[in-house]
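Just below is one structure, and these are the notes that go with it.
The structure displayed is predicted, hence computed values, not measured ones. The sequence lines fix the lettering, A, B, ..., with proteins before strands; numbering per chain opens at 1.
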2 protein chains.
Amino acid sequence: MIKFTPAEESYLKAIYHISDEGKRTVSTNDISFQMKTKPASVSDMLRRLGEKEVIEYRKYYGVNITEEGKKLALQTIRKHRLWEVFLVEKLRFSWDEVHEVADELEHVKSKLLIQRLDEYLGFPKFDPHGDPIPDEYGDVRARPRLPLTDLELHATGQIVAVKDSSAAFLKYLDKVGAYIGARIRVMEKVEFDGSVEISVDNKKNIFMSKDVAANVLVML
Amino acid sequence: MIKFTPAEESYLKAIYHISDEGKRTVSTNDISFQMKTKPASVSDMLRRLGEKEVIEYRKYYGVNITEEGKKLALQTIRKHRLWEVFLVEKLRFSWDEVHEVADELEHVKSKLLIQRLDEYLGFPKFDPHGDPIPDEYGDVRARPRLPLTDLELHATGQIVAVKDSSAAFLKYLDKVGAYIGARIRVMEKVEFDGSVEISVDNKKNIFMSKDVAANVLVML
DNA sequence: TTTATAATTTAGATATATCTAAATTTAAAT
DNA sequence: ATTTAAATTTAGATATATCTAAATTATAAA
Ligand SMILES: [Mn+2]
Ligand SMILES: [Mn+2]
Ligand SMILES: [Mn+2]
Ligand SMILES: [Mn+2]
């Protein structure tokens, strides 16, 4: 069994996430941006991850994650999301406080720990941001979801996830009263700036700029 | 605020534990043994910890932990023991499975996490091995405890902790039916080899070699 | 097709954390 | 008071993970 350092796991996770956003090949700069490290540091890491065969690395042409790499990344993502559920469900963290802590907890090495945590949490399928939790084999069943901006006028749906998980964005959603699970209806669409007005749980109405709405993911 | 790496925290914890066993001054070799690293590595770390003023380091003469260092060590010990309680109480780990995992979890940096964990666990005062959990200011109220070997014939008491926390020893105690909280009475003391026979909860009798009994700590 | 720009890699530096082997110091024995 | 042995430190090496500055490569523009 090859061993991976926390840094290697984090880079691999980043590469997986970027791949998952549609890009087949991931560039050094993409990773550099995501990881907040310099491109030079990324190049060095890519060489090492390539040697460990979790990515295919062609100098100057970017990387593709291998099947082996995907599995590993999904294990780390699984741990990250389970810990996020734990922090919110058991330790009363708010959804904007969990990410940094989960980024540390995800590297703790113990298979038993994660099995038991999963069981203790009741085998949750989604994390506090609505993202699916891979099973122990790395299988993820993503539910179909689309940005709120794609909904037609008068369409109804349910908020199921957020695209941006930054504390700032999440706190803003809290403030206006948007949350995962909320039943919504598009009350108005402003052509001019793409902003929308939605009703939440048939109770209150919320105005959202296009930027905000684009980061709110819904299910019909 | 000076920052400390996981390795620095671990060394400091080791130095604290060795100091706590009576030694005022801790030697390089003592630390090397405890940390399972070479004396050369220890010397290097001591230089760094000395610069950060958590220990007083006089070359060739060993180290003394400072007040600042003691505080820091106790914070790490607090985290370690709270996580051990979590693993046993919530995740059904056995007491011989928790130490290595807690050794990783103790380095996760989040004040809120530990506050909430403490609260979630109901502010436990002792870990699964009977060791006291320092409060958030580093105060420990150690209960008086003595090795089972010190008990007189026919004396009664209660098992409150173990001195050796190795998996092998803990599993052995499980096997013979000794546990923290057990009410015991010394039924026989063998002069020849120092072994003892004790009754547990007035139900069953256990034979213990001197070596085992010396690592079982009791309260009268 | 040449040239310029942007992306990327390499080289060399710093910091942490470990090791082995050699040098040094302290403490014990003669 | 020497000598020796044990403990400790230093020197030099390796591995990880980062950086800045310089060199290289690929791609877009002219
Ligand atoms: Mn997250
Ligand atoms: Mn999440
Ligand atoms: Mn422990
Ligand atoms: Mn313990």
With a cut-off of less than 4.0 Å, is there a side-chain N or O of [X] near OP1 or OP2 of [N]?
X: Y57(B); N: dT9(D); answer: yes
X: R47(B); N: dT10(D); answer: no
X: T5(B); N: dA17(C); answer: yes
X: Y60(B); N: dA23(C); answer: no
X: R48(A); N: dA17(D); answer: yes

Given DNA chain D, 5'-ward residue of the pair Y61(A) and K36(A), judged by closest heavy atom: K36(A)
Here's a test of your reading of the structure: between K59(A) and D44(A), which maps to the more 5' nucleotide of DNA chain D? D44(A)
What's the [atom1]-[atom2] distance between [X] and [N], to the nearest Å?
X: N29(A); N: dT5(C); atom1: CG; atom2: C1'; value: 13 Å
X: D30(B); N: dT8(D); atom1: CG; atom2: C1'; value: 13 Å
X: M45(B); N: dT10(D); atom1: CE; atom2: C1'; value: 17 Å
X: K3(B); N: dA17(C); atom1: NZ; atom2: P; value: 13 Å
X: M35(B); N: dC19(C); atom1: CE; atom2: C1'; value: 15 Å
X: I31(A); N: dA7(C); atom1: CD1; atom2: P; value: 14 Å
X: K38(B); N: dT14(D); atom1: NZ; atom2: P; value: 19 Å
X: K52(A); N: dA15(D); atom1: NZ; atom2: P; value: 12 Å

Side chains of S32(A) and N29(A) only: does a donor on one sit below 3.5 Å from an acceptor on the other? no
Within the structure shown, what part of the strands sits under 4.0 Å from [X] by heavy-atom distance: base, sugar-phosphate, or nothing?
X: S41(B); value: base
X: T28(A); value: sugar-phosphate
X: S43(B); value: base
X: F4(A); value: nothing
X: A40(B); value: base

May I ask you to check if K70(B) and Y16(B) form a cation-pi contact, with NZ or CZ under 6.0 angstrom from the six-membered ring centre and within 45° of the axis? no
When the ring planes of F86(B) and W83(A) are compared, do they come out parallel, tilted or perpendicular, using 30° and 60° as the limits? tilted
H80(B)/H99(B) aromatic ring centres below 6.0 Å: yes
Taking the side chain as everything from C-beta on, heavy atoms only, tell me whether L146(B) gets closer than 4.5 Å to L151(B). yes
